[in-house]
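Small disclaimer: the values here were computed from a predicted structure and weren't measured. Reminder, nothing fancy here: chain letters follow the sequence lines and each chain counts from 1.
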There are 2 protein chains.
Amino acid sequence: MGASLELAVSTVILALLPGTTAGCGDETLQLHLPLVRRTREPFAGRWALPGGWVTPDERLSSAARRTLAETTGLRPSYLEQLYTFGAPHRSPTGRVVSVVYTALVRAPEAAAVEIGENVRWAPADRLMETVGELAFDHAEIVDYALWRLRTKVGYAAIAQHFLGETFTLAELRGVHEAVLGKHLDPANFRRSVAASGAVEATDEVRSGAAHRPARLYRAVLPPGGATGGYPPWQSRPELG
Amino acid sequence: MGASLELAVSTVILALLPGTTAGCGDETLQLHLPLVRRTREPFAGRWALPGGWVTPDERLSSAARRTLAETTGLRPSYLEQLYTFGAPHRSPTGRVVSVVYTALVRAPEAAAVEIGENVRWAPADRLMETVGELAFDHAEIVDYALWRLRTKVGYAAIAQHFLGETFTLAELRGVHEAVLGKHLDPANFRRSVAASGAVEATDEVRSGAAHRPARLYRAVLPPGGATGGYPPWQSRPELG
DNA sequence: CCAAAAGTGTTTCATTTACACCCATGT
DNA sequence: ACATGGGTGTAAATGAAACACTTTTGG
């Protein structure tokens with residue numbers, strides 16, 4: 001039977017926070033993730049993904065939520081299993097298999113995280129420059145999570161989890177632009193989102209800016225029973 | 001620390017074998033998977049996915065390959081991690097977390113599997129009718145694997161792993177048709193495959209049939225360094 | 001010569017892209 | 001009034017689907 005083997009969960013939590021982009025010095029939204037500083041060996045002093053051990057009675061996703069709350073206080077608006085990493089020598093202390101989740105959190109909740117000596121936000125694309133080498137194989141894990149997010153926003157309605165209950169299409173477009181790192185045509189973006197059926201208009205608008213008020217939209221849940229299969233634009237959120 | 005918790009691997013192995021389709025009684029290629037009959041409790045007598053326990057020194061993918069060989073003798077041409085299932089009461093005997101892999105095998109190797117009292121091939125779409133209820137949550141796992149394969153053949157070059165070193169485009173089209181369960185236009189299929197760059201022509205042809213010989217093609221490996229990221233048509237095969 | 005599948009060309013339709021233009025609001 | 005982004009319209013470009021047609025083999 002499988003002995004001398006530990007099962008952990010880790011989470012790549014992503015939030016869009018203001019930050020300086022690589023190219024120019026202007027302030028735009030940028031993907032950030034919270035890291036925790038390790039206080040014990042192995043890799044004491046280095047920064048790592050939040051995580052912890054799986055207890056016998058909880059679901060894997062529950063373990064991810066729990067360890068997330070314990071280490072950072074965050075409660076994600078979206079949580080999805082990413083991949084399970086289990087190379088024999090990931091940890092120098094013994095065999096550790098990590099089920100890794102990707103979580104998305106909204107900016108206000110992200111801002112509420114108390115930054116301290118051992119918890120901080122780091123820009124996802126410049127981890128090396130800002131916090132140095134990550135512990136374990138966590139740098140590889142972050143790379144993979146970013147790749148998955150960027151490919152997935154193209155076909156799945158997940159960007160809205162970075163935003164609140166209602167949002168303007170310009171805000172949603174801003175999320176896509178920040179994630180993909182490129183400009184999107186407002187007119188075409190509006191059409192493609194409308195065609196996808198991922199959002200529905202409310203009867204409210206957001207005014208206050210020095211221009212015409214923008215209509216507010218709300219995310220619409222996956223219809224589910226399309227052709228009997230799982231909808232192509234939203235893979236199953238919680239399985240097994 | 002994570003105690004009283006077992007880590008297993010299971011594999012959904014898929015092969016294209018001749019079989020009667022649901023609608024009419026004609027013989028076409030159909031997705032099949034090998035099942036093993038459980039000889040002990042829990043679920044003694046029921047059919048299940050091949051799998052086993054992870055040993056401390058091997059990679060997860062190696063554990064999948066090893067248990068696969070031990071239970072069925074198969075050596076897959078393609079192996080990819082599918083998902084990790086870990087609901088608390090999946091197994092009545094205690095907490096078991098299963099890292100599930102999807103494997104593709106070629107028809108000749110599939111035919112070499114010795115069918116016996118405790119190993120058999122079953123058509124993937126009619127498991128209930130042919131072998132009854134599967135053990136554990138394996139029916140759900142198979143459903144998810146089939147969904148993933150069917151969505152993935154649309155954008156990734158994986159169908160070729162059902163075929164040999166060289167193959168005709170008609171054979172490759174036959175694989176796609178069997179997986180997707182629908183007819184594809186030969187002319188358009190040829191163009192889309194050529195445009196994807198997933199295959200390259202050899203200077204040989206397959207003759208012997210009562211018609212013009214077909215050119216043989218070979219699968220071409222992912223180029224890798226496209227834009228620095230992982231290629232969109234082939235996610236990373238072995239990670240962590 | 002004929003059947004049957006390989007392979008090419010063309011026409012049509014839908015989708016994406018680019019960009020011009022009007023609308024409504026705060027200053 | 002006018003600058004600014006919200007929102008609509010439209011034409012060109014690109015790509016997918018449908019199908020006619022030519023080529024080359026075995027019988």
Closest to the Pro213(B) side chain: dT24(D), dC19(C), dA6(C)?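 Minimum distance to the Pro213(B) side chain belongs to dT24(D).
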Given dA6(C), dA18(C), dA18(D), which nucleotide is nearest the side-chain atoms of Ala170(B)?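 Within the option list, the nearest is dA6(C).
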Separation of atom [atom1] in [X] from atom [atom2] in [N], rounded to whole Å:
X: Phe189(A); N: dG5(D); atom1: CZ; atom2: P; answer: 17 Å
X: Arg215(A); N: dT25(C); atom1: CZ; atom2: P; answer: 11 Å
X: Arg212(B); N: dT25(D); atom1: CZ; atom2: P; answer: 8 Å
X: Arg173(A); N: dT17(C); atom1: CZ; atom2: C1'; answer: 15 Å
X: Asp185(A); N: dT10(D); atom1: CG; atom2: P; answer: 17 Å
X: His211(B); N: dA5(C); atom1: NE2; atom2: P; answer: 6 Å
X: His183(B); N: dA18(D); atom1: NE2; atom2: C1'; answer: 11 Å
X: His176(B); N: dA16(D); atom1: NE2; atom2: P; answer: 14 Å

Any Arg190(B) side-chain nitrogen or oxygen under 4.0 Å from OP1 or OP2 of dG7(C):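 Yes.
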Across the strands shown, which category fits [X] at heavy-atom distances under 4.0 angstrom: base, sugar-phosphate, nothing?
X: Arg191(A); value: base
X: Ala187(B); value: base
X: Arg206(B); value: nothing

Considering all heavy atoms, the nearest Thr202(B)-Arg215(B) contact: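 In terms of heavy atoms, the two residues are closest at O-NE, 3.0 Å.
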Just by modelled atom types, is the Ala48(A) backbone N or O under 3.5 Å from a matching donor or acceptor in the His138(A) side chain?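 No, because the side chain of His138(A) does not come within donor-acceptor range (under 3.5 Å) of the backbone of Ala48(A).
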Position toward the 5' end of DNA chain C (nearest nucleotide), Glu171(B) or Ser207(A):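 Nearest nucleotide further toward 5': that of Glu171(B).
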Hey, which sits more toward the 5' end of DNA chain C by its nearest nucleotide, Tyr217(B) or Ser192(A)?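 Counting from the 5' end, the first nearest nucleotide belongs to Tyr217(B).
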Side chain to side chain contact (heavy atoms under 4.5 Å, CB included) between Phe85(B) and Asp137(B), worked out: CA-CA 9 Å; Phe85(B) 294 81; Asp137(B) 53 357; 4.2 Å; yes
Verdict with supporting geometry, Leu31(B) and Phe162(B), side chain to side chain contact (heavy atoms under 4.5 Å, CB included): CA-CA 10 Å; Leu31(B) 282 171; Phe162(B) 283 119; 4.0 Å; yes
Determine, step by step, whether Phe136(B) and Ile141(B) satisfy the side chain to side chain contact (heavy atoms under 4.5 Å, CB included) criterion, reporting the C-alpha distance in whole Å, the side-chain angles of both residues, the deciding distance to 0.1 Å, and the verdict. CA-CA 10 Å; Phe136(B) 305 104; Ile141(B) 294 176; over 6 Å; no
